[in-house]
Every structure is written in structure tokens, then in C-alpha cells.
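Worksheet: one structure, shown below.
To find a chain, count down the sequence lines: A is the first, B the second, and so on, and within it residues start at 1.
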Amino acid sequence: MACICNEKELTDEQKYKQLKEFIDENKIKEGYLIPILHRAQAIFGYLPPEVQNFVAKEMNVSISMVTGVVTFYSYFKTFPTGRHTITVCLGTACYVRGAKKILEALEEKLGIHIGETTEDRRFSMGVQRCLGACGLAPVIMIDKDIHGRMSVKKLEKILELYK
Amino acid sequence: MNNIKRVKVGMASCGLAAGAQVVFDHLKEELTPKNILVERTGCIGMCFREPLVEVEYDDGSSIIYGDIDGKKVKVLSEKIKNDQIQEEWIAYKPNDEEYESDHYHAKQERIVLRNCGIINPESIEEYIERDGYKALNKIFEKGKDWVIEDVLNSGLRGRGGAGFPTGLKWKFAKASDNDKKYIICNADEGDPGAFMDRSVLEGDPHSILEGMTIAGYAIGSTQGYIYVRAEYPLAIIRLEKAIAQAKEKGFLGDNILDSGFSFDISLKKGAGAFVCGEETALMHSIEGQRGMPTLKPPFPANSGLWRKPTNINNVETFANIPWIIVNGGDKYSAIGTEKSKGTKVFALTGKIKKSGTVEVPMGITLREVIFDIGGGIINDKKFKAVQIGGPSGGCLPESLLDTPVDYDSLNNTGAIMGSGGMVVMDENSCMVDVAKFFLSFVVEESCGKCTFCRIGNKRMFEILDRITKGKGEMKDLDELEKLAYQVKNGSLCGLGQTAPNPVLTSLKYFRDEYIAHIKEKKCPAGVCKDLISFRIDDDKCTGCTLCARNCPVDAIAGEVKKPHIIDQDACIKCGKCYEVCRFDAVVKE
């Protein structure tokens, strides 16, 4: 799937057009709802009811089917997120090596809790049960970058990298 | 003269998280003009020394440098250019006596990880050079029945955790009569604290494709799916590349190697649901639905994906297959114990000195893995427990460290082999808190279909929460046990059936700790906030004021150069004073 994150902000009309093209290409394939939702979220950033309705209509499935899938998987978001997404790993290895402290420090610093977005839309924060970089615990992921051997001290510097 | 053949940088997720990209870029920029090849490779396995740089020489010897950061790489690149060695940064020299004796490598046996950290995972040529796709020729020559027989002979059991014999599974799927059958690779590695499959996916993707193709041939399937976590973006990229390369070379696609057998593999990205690691849930997810488990039977071998016969194995199982075919099932079954053959990959993490992916022969003891390979506990603290098998597994105490690693011995302890997470905990880990941590995971990840899993786990979590807050009663322990058995018996899928294991094992082996929380209102490990207090030791306090300046609620009073005092009513127990004190004067009780 092509990365479309760095493109210029599109109008809603263009976004729907892009999504429709992708749906038309793939809707005949069996079991393609999840890849289509992945694509829709890549285009819109999140999946508000309007987008879910659009997907349902274009794929000729019920809205409840689409919403059912969207709400089942934690990867799909129904609220807008910030420009950067911080994911704190709370896997076992990170947990025993102090991930809770990192999380608390982030909550304090950004003034938001898990699942929330800062007012300036700079950061959204979430948790993950394992990013698979346990050898470097504790780790956090910002967008697609994994930062290992985290400490409260290092946080400040790292956050500065994401404007 | 011993020339440098090439320089490799370990660039799996662990390496990248430690800063391998900067190291790779620098080496590439500096060494390419000198005609030294710089390449990326997968997980070298020694996560504790990331980022790792390996210099390979023409005579086959090599040197692995550890902890190479953005600063050190500048020095290292100069050394490499001038054909010099930087002795003090060497982490490991393969085949060198001095380094082999450190046990980290000596006690390991690498079959699944045979190529990880050795080949460039993005190069099919390097995979082929190391016997890659050689098994395909052999299976077409020997036939389907031979393949299944050989896998049966090998004694290989499913590495996803349950340990069902792989050959038998294939036999059932083959016997199922249908014109359409599916092969699925379960790469939805969701256990917190486990990353073995990621290491293989990122470090040796072709071995999985080859293993799946062999399975497809054996059971008579033409279509395979890899269900991979969306949280593993690098694995997805490398798999996509590998599939394209294999198709181009004729190892995948129509009429593979002119055998008349066709097989295709597609990637399916998960969307963040732990329960999708369960096979029926996984198949529903591939079908584009909510990933909720359904009752077995029918088993996937008879009616699976889109109601067609389906064979599901996990990443590690498939990665074993090409080796078994090339070297023979007998050679594989020569490794291990009577009922557990071959090797097992573990992600060794937590409070351990040398964390990383390790592959050991079955039958090795937990003590050998933790103390000989892993080097023991960080800062030489006291070992308390090892958690194996993730949320379905259990916490084992010191007294069980001589348990051999095999399916049956581990089951007897109340834990399970699981997929391979091995998290080591020291005296600073509270077992009640750890049990609560796993339950919070299950509560979040339960799909909600079965009442016992949905509500029972939640009630258990609430009881544990009470205990960690000092509000528990002794009768809570009986209640916990009762609920645990009800959840185990009343749940449909593996998630619910095993969810209470961390609670049951910690109750069995660490009951004292529960009792200390309930009766003495104390957390022996000093983790549960409501049960600890901080005070300042007058004799040690120098009055430096550092703690008072750092206290977020101004609960510390005292004059300069005189002992300070913490106001217990105002203290929020954040532990900041404990962390900043340079004289160990803050005591946690």
C-alpha cells in the first residue's frame, strides 16, 4: 500500500474519490472489508460515521457490519487524532522495566490521558500491549519510529523531534 | 591478506529502535567510496548490545561490534577503512573460543534462526545460498506422502503454544476432500513480551514462504495467507518484498519449478485484536468480519476459511519446515526430549542482563536459559519469577528453575510453553501487580462472546485491584480461585480458558505476597502505591534539598544541610525523592 501520509491536505471530495477508486478495485475480492477500512483510515486519519456509511454503501453491505468491524479492532479510530501518535508499549517486558513511569510522565507533560489528543492536535496518545522490541524495554513508538531504552529524562528531547 | 568482505548492520525493529539507521547511513556513506559493501541484516539476537555492526572477512571470520551509537560509528568507520580492529567494542566473535565460552551462544542451537542476522533479509540470493528453496526440489521428487511422513517423523509440534503435532495436522487437512484448501500462517504475535516471530518475519521471511509452500503441496492447497499484525510495519514490508522476489524466481506462483504445482501467498494485515491469534477468530478476521472465535468442531482441517479445509500453523513452525525437509526428520527428532523434539525460540526479556531472541534445544532447564544464556539478573539482584507463555502462561518461582523446557514439564507447573515469551522478574516486581497486569490485558482483549471470560475476568481484576490497594480480605483469595476455575471451564476459546493462569500460578507459588498485601497491608516489592510510604533516614540525609526541590506537591520540608522530613499526609507517593536522592537517604517501606 502506497504511503499517502506526506501528501498535501486533500479536500473531502478528493478523499472520497480516492477511497471510491480503491473500493471499486477491490470490492469484488472476498473478505476485503478490513483492507478497505485500513485504506480509509490512511486517507481520512480516522473513521467517522460518514466514512463508515460511505464504505457500507459502496461495498453494498450493512452499516452495522462496517461499524461492527470498526469497533472490534483497536487499530481503527472513530475520533480524529493528532499530527503525531505516541504509543507507549505496555507489554510485559516494558511493564517490568518501568513503562508505567513513562506513561505517567507523558500524561503529566502533555496533560492528556490514554486515547486523548492534545488541544493543539500535536500529539495523540495510546498504549500497545507489545511492540515487539522487548530487548530495548521500555519503548515508545511515535508515528512509525520506535524509541528504545526510554527514560523520563529522554522523553523531553524525543518529543522535541515531533513538531 | 584478510580483506573485508562486507559490513552488516542489524536492522530489525530492535536495532532500529536503538538507532541502527543512523549507524547504517553513516557506514554506507563512509565505506561505499572505499568499495566496502554495507548491508542490512535481520535480528542478530543480541538485543542487549544493539545497535550491532558485523564486519565479515574473506576468510569467513567475522567480528560483531556492540553498542555502536551515532558517536562511536564515526570512530568505527575510520577503523574499518584503515583495516583496524576496535578491540574494546567487540561484542562477539563467532567461532572464537574466548567468546564462545560466554554461554550466550554456546548453549543455543539455531534452526529457526539459522539465517536471522546472517543474511540480508531483502535478498533472495542470500537465502538461496544458504540452502534456501532447496527443500522444494526435494518434495517434488519425493511426493506428498513422504513430506507428511517426514514431518511426522521429525516430531515437530505447533510452536504457537498448544503443541499439536504438525504432521498430524497436515495429515488431517490432506485427508479432507475438497477442491479448494487453504494454508494460513498465523503471524498475529500478540503476547505481550514476545517477539520471536517478528525476528523471523523481519530477518528471514523466505523461510516462512518456503515452509508454507511445502505445507500447501503436502495437503493439496493452492492459496496461502499470512495474517500479520498491523503493529509490525517492517515485517509487512519485508514479506511483501520476499513474496515478489519468490514469484519472480519461480518459487511461488504458477507451476513452481515446472512441477505442475501452483501456490500463491497473500498478506492479510490484522487490525489490533489479540483474540485474532485464536485460529477460528483469525479466519473470521481474514473473511473481513469481527474476529470472534467459534466452536470447534468443525476443526479448520475440515471446515475453516470460507468453510474450506484449512491448515493453520504459526511462523516458527513454518520456519522449521524447510530445515526438516532438507536435513531429514530424523535429524530434527534427534534434538530435544522424548515428547518435545527440536528447538524452541524464546524472547528473553525483563530484568535480565542479556535480553534477546534465543533458540535452545528442548529439554534445557529454565535456569540454564536465564542464568547461563541470559547472564542472570540485572545488577545481580535476586531472581523472583519467570513469566512464560504470556497472558495464558504463568509465573514460576526459583524452586522450579530446574524444570526442563518441554511441553509436558511446563504444563505440569501450571504454566504453558506458549509462543515463547520469557519475562524475567526480580525482587522489585510485585507478583500481585503482575497478575493484575495480565488480567487487565485479558479484560481489554476479551471479545465478549462468553460470559465467564467477559465478566469473570473483570470481577477477578476488581478483586486484585482491591488487594493491591490494601482493601483485600482473606476470603478474596478463595473467591479468586473459584472464579478462575469457572472462567477456565466456561470459555469457548484458548484466550478465556487460559486467562486465569497467571493468577492461579502466582497464587500457588507466591501466596505469601498476596497475604502480605491483605494482612499486613504491605507490598514486599514496594510496587503497590497505596501500600508503600517514603521516609528520610536522618543519618544519611545531608540536607542537599534536592528532594524538596523535586517534590511535585511540596511535601518535603527541611533546612539546608539539615535532615529533611516528608509530610506523610501530603505525600502522593510518586517516588520522585527516592529517585533523585544521591545518598540513598530516602527509604521506601
Report which part of [X] has an atom under 4.5 Å of a heavy atom belonging to chain A: side chain, backbone, both, or neither.
X: B/A347; value: neither
X: B/S440; value: both
X: B/R290; value: both
X: B/F441; value: both
X: B/F274; value: neither
X: B/D191; value: backbone
X: B/I236; value: neither
X: B/C430; value: neither
X: B/T357; value: neither
X: B/Q289; value: both

Considering residues, nucleotides and ligands other than B/Y578, do more than 12 of their heavy atoms fall under 6.0 Å from its OH? no
Please determine, among B/Q21, B/R229, B/M196, B/E189, the option with the most heavy-atom pairs under 4.5 Å with chain A. B/R229
Honestly, the part of A/Q128 sitting under 4.5 Å from a heavy atom of chain B is side chain
Just verifying a value: how many Å separate B/L305 CG and A/E30 CD, rounded to the nearest 0.5 Å? 8.0 Å
Rounded to the nearest 0.5 Å, how far apart are CG of B/N428 and CZ of A/R97? 13.0 Å
[Y] and [X], any side-chain heavy atoms less than 4.5 Å apart:
X: A/F72; Y: B/S285; answer: no
X: B/M425; Y: A/T92; answer: yes
X: B/E579; Y: A/V152; answer: no

Looking only at heavy atoms, the pair that brings A/G31 and B/W306 closest together is N-CZ2, 3.9 Å
